[in-house]
Amino acid sequence: MTGKITAPAIRARKGGDKIRMITAYDEPTAHIADRAGADIILVGDSVANAVLGRSDTLGMTIDEMVYHTAAVARAKPSALLVGDMPWLSYHTTPKEAVHNAGRLIREGRAETVKLEGGEKRLDVIRAVLDAEIPVMGHLGLTPQSVHAMGGYRVQGKQAAAAYELITEANLLADAGVFAIVLEGVPDVVAELVTEDVAVPTIGIGAGPACDGQVLVFHDALGLHDKRTAKFVRQYAQLADIAVEALEQFFVDVQSGAFPGEAETYHMPQESAQILEELHKGSAELPGAGLVTDSFLADEAMEQ
Ligand code: KIV
């Protein structure tokens with residue numbers, strides 16, 4: 001295990017080794033991400049789609065995000081832990097945003113937070129930073145703006161919109177975010193942002209020029225059979241492997257091959273004999289406590 005990765009350490013990776021980021025939503029997936037060498041684990045509000053079966057991220061609440069963040073934190077990852085701020089948890093007042101970011105840190109044990117948006121969110125970003133909470137920005141295709149964008153559309157395709165995006169990235173970097181996620185933007189736009197801003201850019205559907213890349217855990221590992229976006233590369237089809245494994249379990253259940261000797265507990269022979277006699281009615285209960293105690297001791301040994 002390498003040492004703990006911090007927000008300043010990620011900030012210092014600008015232009016250096018590519019940053020490896022992946023989402024996770026619970027303790028086992030966080031362990032897997034950390035063992036694989038993630039630099040950053042994001043507890044994304046994409047948990048809505050990836051785990052909770054929702055069609056967008058808008059229903060996620062701060063309570064739900066705290067719950068998932070705390071589960072991930074229990075893996076004690078070396079990776080930097082980023083908690084995603086859900087829609088409406090930072091869109092009202094800076095005070096409320098600081099309160100909600102603080103919940104992700106205090107109750108969820110995140111080390112930093114991520115929030116979507118550019119110029120409109122600068123006051124909130126400054127307030128959260130003032131509370132000593134490192135902030136990761138998120139520009140381009142920001143899923144919490146799905147209705148305002150008119151759908152999940154690649155952003156910055158026209159020169160004016162691309163120029164605005166580059167300006168907003170600079171505003172975020174100047175405000176003090178430690179990194180910026182660029183989602184769903186043309187490669188050339190991400191390249192210009194990456195050249196321009198002083199902090200690392202982390203791309204998802206933003207081409208290869210970014211300082212790092214992020215994917216959603218369940219997309220990258222093929223843990224579902226939903227259609228994925230063009231930018232997703234599936235590195236495994238774990239859903240297929242899981243189905244095959246469970247099919248084999250069910251075959252074994254039906255054939256009686258499961259459980260076998262290795263998966264079965266036994267009583268000490270002496271206790272088994274007494275039990276059999278009791279069961280047949282050919283013996284009285286001699287020191288029932290003894291029978292129970294020795295069975296419990298046997299159980300404890302085998303745990
Ligand atoms: O919620 C999420 O998983 C994200 C990533 C796609 C960057 O915001």
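Side chains are part of it too, since the values below use all heavy atoms of this structure and drop only hydrogens, waters and symmetry mates. Ligands are counted one by one from 1 in listed order, and the atoms in each one are counted from 1 as well.
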Between Asp63 and Arg103 (salt bridge meaning N to carboxylate O under 4.0 Å), is one present in this structure? yes
May I have the step-by-step check of side-chain hydrogen bond (donor to acceptor under 3.5 Å, both in side chains) for Tyr90 and Gln144, ending in yes or no? CA-CA 12 Å; Tyr90 58 96; Gln144 292 171 14; 2.7 Å; yes
Are the side chain of His68 and the backbone of Tyr25 linked by a donor-acceptor contact shorter than 3.5 Å? yes
Can you name the atoms of ligand 1, numbered from 1 with element, that are less than 4.0 Å from a heavy atom of His138? 8 (O)
Is any NZ, NE, NH1 or NH2 atom of the basic residue among Asp39 and Arg13 found under 4.0 Å from an Asp or Glu carboxylate oxygen of the other? yes
Residues Lys14 and Asp211 bridged, charged N to O under 4.0 Å: yes
Give a yes/no on ligand 1: does Met21 have at least one heavy atom closer than 4.0 angstrom to it? no
Between Asp45 and ligand 1, does any nitrogen or oxygen pair lie at a separation below 3.5 Å? yes
Do any nitrogen or oxygen atoms of Asp84 lie less than 3.5 angstrom from nitrogen or oxygen atoms of ligand 1? yes
I'd like to know if Glu168 and Lys120 make a salt bridge, using a cut-off of under 4.0 Å between side-chain N and carboxylate O. no
Among all protein non-hydrogen atoms, which one is nearest to atom 3 (O) of ligand 1, and what is the separation to 0.1 Å? Ser46 OG, 2.5 Å
Looking at Gly44, which atoms of ligand 1 are within less than 4.0 Å of one of its heavy atoms? 1 (O), 2 (C), 3 (O)
Does the plane of the ring in Phe258 sit parallel, tilted or perpendicular to the ring in Phe249? Use 30° and 60° as the thresholds. perpendicular
Nearest protein heavy atom with distance in Å, relative to atom 8 (O) of ligand 1: Lys114 NZ, 3.0 Å
Ligand-residue contact atoms, ligand 1 with Thr23, heavy atoms, under 4.0 Å: 3 (O)
Shortest protein contact, atom 5 (C) of ligand 1 (heavy atom only): Leu42 CD2, 3.6 Å
What protein heavy atom sits nearest atom 6 (C) of ligand 1, and how far away is it? Ile204 CD1, 3.6 Å
